[in-house]
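Take a look at the structure below.
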Amino acid sequence: MLVTDRLKELIAIPSVNPMGRDITGPEYFEARVTEYLTDVFKTWGVPFKVTEITPGRANIVARWDGSNGRTVLLDAHQDTVPVSGMTIPPFEPAERDGKIYGRGSCDVKGGLAAMLTAFGRLVHEQPSDAATVFLSCTCDEEAGAKGVTKLAEQITQADESSFFWPRPEAAIVAEPTNLDVVVAHRGAVRWKIATTGRACHSSRPEDGINAIYRMARLLSALEEYAGLVGDSLPPHPLCGPATLSVGRIEGGASVNIVPDACVIEIDRRLIPGEDGESARQQVAEFLRSKLDFEFEMQPPWIASPPLPDDDNGALADGLLKTIESIVGPHQRVGVPYGTNGSRLAAIDVPTVVFGPGDIAQAHTKDEWIDIAELEQSVDVYYQFCVDGSF
């Protein structure tokens, strides 16, 4: 099957990540894509493993055994972001002007289709002296990273009797990189901060303590901290500086009640070398130095490490050599967003991020991917697994 046809089939299968919201419906979760992949792997006659993460959500990993003694992991996630605000039919793939449109076309069903097509070529062509290849199709990348977290655990615990043996010696994660090689990216830690007060009737506000007013003071201090954090340690040469952003606020029950609670949500981006918990504690210490009331630092709901570039140089060199032989020279880069790659690197698997598409098109109202890049990426994935060096 052509990679364009494969991508159209994947786009037509909704796999929306609810992003932590308690909602259900036929378009949510990855189960239908997992079923599609199960059928593909059964047809090809390759061994595969399905691991349920939560109801309706599973990883599926297939393997093809090569003969050169090396092992490569290709990873792409099954989920997409929600479709609200889209100006095109999200699940009706359309091809025009050298592009394929639809939700996930760029992030990252294009990369998934390319990896799946390259893996299928390995199965059908049976090249000699190629690497053993795992194709992991993970769930929940867009919100909680539960899928890759479980995958990393399975790889770490693998022994000679395990499906994941021999353990991967290198990993390539599919994301839209314009066929450049991402060797470093920022991580993220996200948590809530709560202020409390004392409720009373709004006609006598002096009888209460307004939690929103307290939060306003805390937000002012956070704004000051956000302006300082980028200069508090040297920016990474590829990823740029550390950042902090407040993305959400909630408080109060009614306009005629002095609020006794207010909560905000924090996004702290980490550069390689930073630790998420240390970054949180630095925020807490700064706020305590500025404020004369107590506040609650709630536990993080996500702590995704950065991807460092201190152990993937040989892998990047080998992949860039393959890319150059197929599409011409490209470069190693760093990016500000996060990927599954950092969790694989954290278990000592040298990892880079590479795939078709432009991150500027990810999550957009008319998401699309360039067909030429999509087709070129298939050749790169395939050829690297056959004779790439790392």
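The analysis underlying the following values was restricted to heavy atoms, covering all of them including side chains, and did not include hydrogens, waters or symmetry mates. It should be emphasised that the depicted structure is a prediction, and the values quoted were computed from it without experimental measurement.
- A donor-acceptor pair is defined here as one N or O able to donate and one able to accept, closer than 3.5 Å; no such pair exists between the side chain of R6 and the backbone of A114.
- Considering only heavy atoms from C-beta on, V33 comes within 4.5 Å of L10 through its side chain.
- A salt bridge links E95 with K8: the distance from a Lys NZ or Arg NE/NH1/NH2 to an Asp or Glu carboxylate oxygen falls below 4.0 Å.
- None of R103, K109, K99 except one satisfies the salt bridge (charged side-chain N to carboxylate O under 4.0 Å, His left out) rule with E367; the exception is R103.
- Between the CD1 atom of I155 and the CG atom of L73 there is a distance of 5.5 Å, given to the nearest 0.5 Å.
- Residues satisfying the ring pair (Phe, Tyr, Trp, His ring centres under 6.0 Å) test with F390, not counting sequence neighbours, are F384.
- I359 is linked by a side-chain contact (heavy atoms from CB on, under 4.5 Å) to P176, Y337, A362, counting only residues two or more places apart in sequence or in another chain.
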Next on the checklist: Applying salt bridge (charged side-chain N to carboxylate O under 4.0 Å, His left out) to E250 and R248, what does each step give before you reach the verdict?
Outcome noted: CA-CA 7 Å; E250 181 178 359; R248 189 169 179 274; 3.5 Å; yes
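- Here the closest non-hydrogen pair linking G388 and T322 is CA-OG1, 4.3 Å.
- Checking side-chain atoms of Q126 against main-chain N and O of V123 turns up a donor-acceptor pair under 3.5 Å.
- Contact check for R204 versus V258: no side-chain heavy atoms found under the 4.5 Å cut-off.
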Checklist entry - Checking side chain to side chain contact (heavy atoms under 4.5 Å, CB included) for the pair V83/E27: CA distance, chi angles, key distance, verdict? => result CA-CA 10 Å; V83 300; E27 72 269 34; 5.8 Å; no
Next on the checklist: Set out, in order, the CA-CA distance, both residues' side-chain angles and the distance that settles side chain to side chain contact (heavy atoms under 4.5 Å, CB included) for I266 and K192, then state yes or no.
Outcome noted: CA-CA 6 Å; I266 309 294; K192 295 179 180 181; over 6 Å; no
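- Using a 4.5 Å heavy-atom threshold, the side chains of R217 and F293 count as touching.
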Checklist entry - Between E175 and E141, does a side chain to side chain contact (heavy atoms under 4.5 Å, CB included) hold up when you go through it step by step? => result CA-CA 11 Å; E175 291 290 348; E141 189 272 350; 3.4 Å; yes
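- Linking ILVMFWY side-chain heavy atoms closer than 4.5 Å, directly or via other members, places W64 and V380 in a single hydrophobic cluster.
- Taking SG from C137 and CG from L37, the interatomic distance works out to 4.5 Å, rounded to the nearest 0.5 Å.
- Residues T339 and T351 are not in side-chain contact: their nearest non-hydrogen atoms beyond the backbone lie 4.5 Å or more apart.
- Geometrically, R190 does not engage W301 in a cation-pi contact, judged by NZ or CZ lying under 6.0 Å from the ring centre and within 45° of the ring axis.
- At distances below 3.5 Å, at least one donor-acceptor pair connects side-chain atoms of H330 with backbone N or O atoms of G328.
- The OG atom of S202 lies 5.0 Å from the CG atom of N256; values are rounded to the nearest 0.5 Å.
- When all heavy atoms are compared, the tightest approach of I60 to F48 is CD1-CD1, 3.9 Å.
- V335 and L179 are assigned to two separate hydrophobic clusters, defined by single-linkage of ILVMFWY side chains at heavy-atom distances under 4.5 Å.
- A donor-acceptor contact shorter than 3.5 Å links the side chain of E373 to the backbone of G357.
- Put simply, L307 and L238 are part of two different groups of oily side chains (I, L, V, M, F, W, Y) that touch within less than 4.5 Å, one to the next.
- Of the possible donor and acceptor atoms, one in the side chain of E274 sits under 3.5 Å from a partner among the backbone N and O of I271.
- Remark: the backbone N or O of G147 is not paired with any side-chain donor or acceptor of D140 at under 3.5 angstrom.
- By the 4.5 Å heavy-atom criterion applied to side chains, F29 and S15 are not counted as neighbours.
- Here the closest heavy-atom approach between residue A242 and residue R268 is recorded as CB-NH1, 3.2 Å.
- Side chain of N312 to main chain of V183: a donor-acceptor pair is present (N/O by atom type, distance under 3.5 Å, no hydrogens or angles).
- Under a cutoff of 6.0 Å and an axis angle of 45°, R121 and Y382 form a cation-pi pair.
- Classified by interplanar angle (parallel below 30°, tilted 30° to 60°, perpendicular above 60°), the ring pair F119/F41 is perpendicular.
- Other residues, nucleotides and ligands contribute over 12 non-hydrogen atoms within 6.0 Å of the CZ atom of R21.
- Environment of CD in E224: crowded, with over 12 heavy atoms of neighbouring residues, nucleotides or ligands closer than 6.0 Å.
- Residues R269 and D267 have side chains in contact (heavy-atom distance under 4.5 Å, counting atoms from C-beta outward).
- Taken together through direct or relayed side-chain contacts under 4.5 Å among Ile, Leu, Val, Met, Phe, Trp and Tyr, V72 and F354 form part of one hydrophobic cluster.
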Next on the checklist: side-chain hydrogen bond (donor to acceptor under 3.5 Å, both in side chains) for D317 and S389? Distances and angles first, verdict last.
Outcome noted: CA-CA 8 Å; D317 289 342; S389 60; over 6 Å; no
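- Between E142 and D107, some side-chain heavy-atom pair lies under the 4.5 Å cut-off.
- To the nearest 0.5 angstrom, Q383 atom CD is 6.5 Å from S325 atom OG.
- When atom types are taken as modelled, the side chain of R332 and the backbone of V182 share no donor-acceptor pair closer than 3.5 angstrom.
- Nearest heavy atom pair, residue G102 against residue I11, reads CA-CG2, 3.9 Å.
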Item to check | N59 and S136: CA distance, side-chain angles, deciding distance, side-chain hydrogen bond (donor to acceptor under 3.5 Å, both in side chains) verdict | outcome: CA-CA 7 Å; N59 292 343; S136 67; over 6 Å; no
Checklist entry - Between L222 and V246, does a side chain to side chain contact (heavy atoms under 4.5 Å, CB included) hold up when you go through it step by step? => result CA-CA 8 Å; L222 273 180; V246 178; 3.8 Å; yes
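- Judged by distance alone, the side chain of D275 and the main-chain N or O of S278 form a donor-acceptor pair under 3.5 Å.
- The neighbour count for E277 CD, taken as heavy atoms of other residues, nucleotides or ligands under 6.0 Å away, is above 12.
- Using a 4.5 Å heavy-atom threshold, the side chains of R63 and T132 count as touching.
- A distance-only check finds a donor-acceptor pair linking the side chain of Q78 to the backbone of T34 [under 3.5 Å].
- Using a 4.0 Å cut-off between charged side-chain N and carboxylate O, K150 and E153 make a salt bridge.
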Item to check | Residue pair T196, E296: steps toward the side-chain hydrogen bond (donor to acceptor under 3.5 Å, both in side chains) verdict | outcome: CA-CA 9 Å; T196 57; E296 179 190 4; over 6 Å; no
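- Between G111 and A76, the shortest heavy-atom distance links the atoms C-CB, 4.5 Å.
- What you find for T177 and D180 is that their closest heavy atoms are OG1-O, 2.7 Å.
- The stretch residues 163-172 participates, sequence neighbours left out, in these side-chain hydrogen bond (donor to acceptor under 3.5 Å, both in side chains) pairs: R70-E169.
- When the shell of 6.0 Å around CD of E206 is examined, it contains more than 12 heavy atoms from other residues, nucleotides or ligands.
- Under a hydrophobic clustering in which Ile, Leu, Val, Met, Phe, Trp and Tyr are joined whenever their side-chain heavy atoms come within less than 4.5 Å, directly or via other members, I302 and V173 fall into different clusters.
- Within a 6.0 Å sphere centred on OH of Y213, other residues, nucleotides and ligands contribute 12 heavy atoms or fewer.
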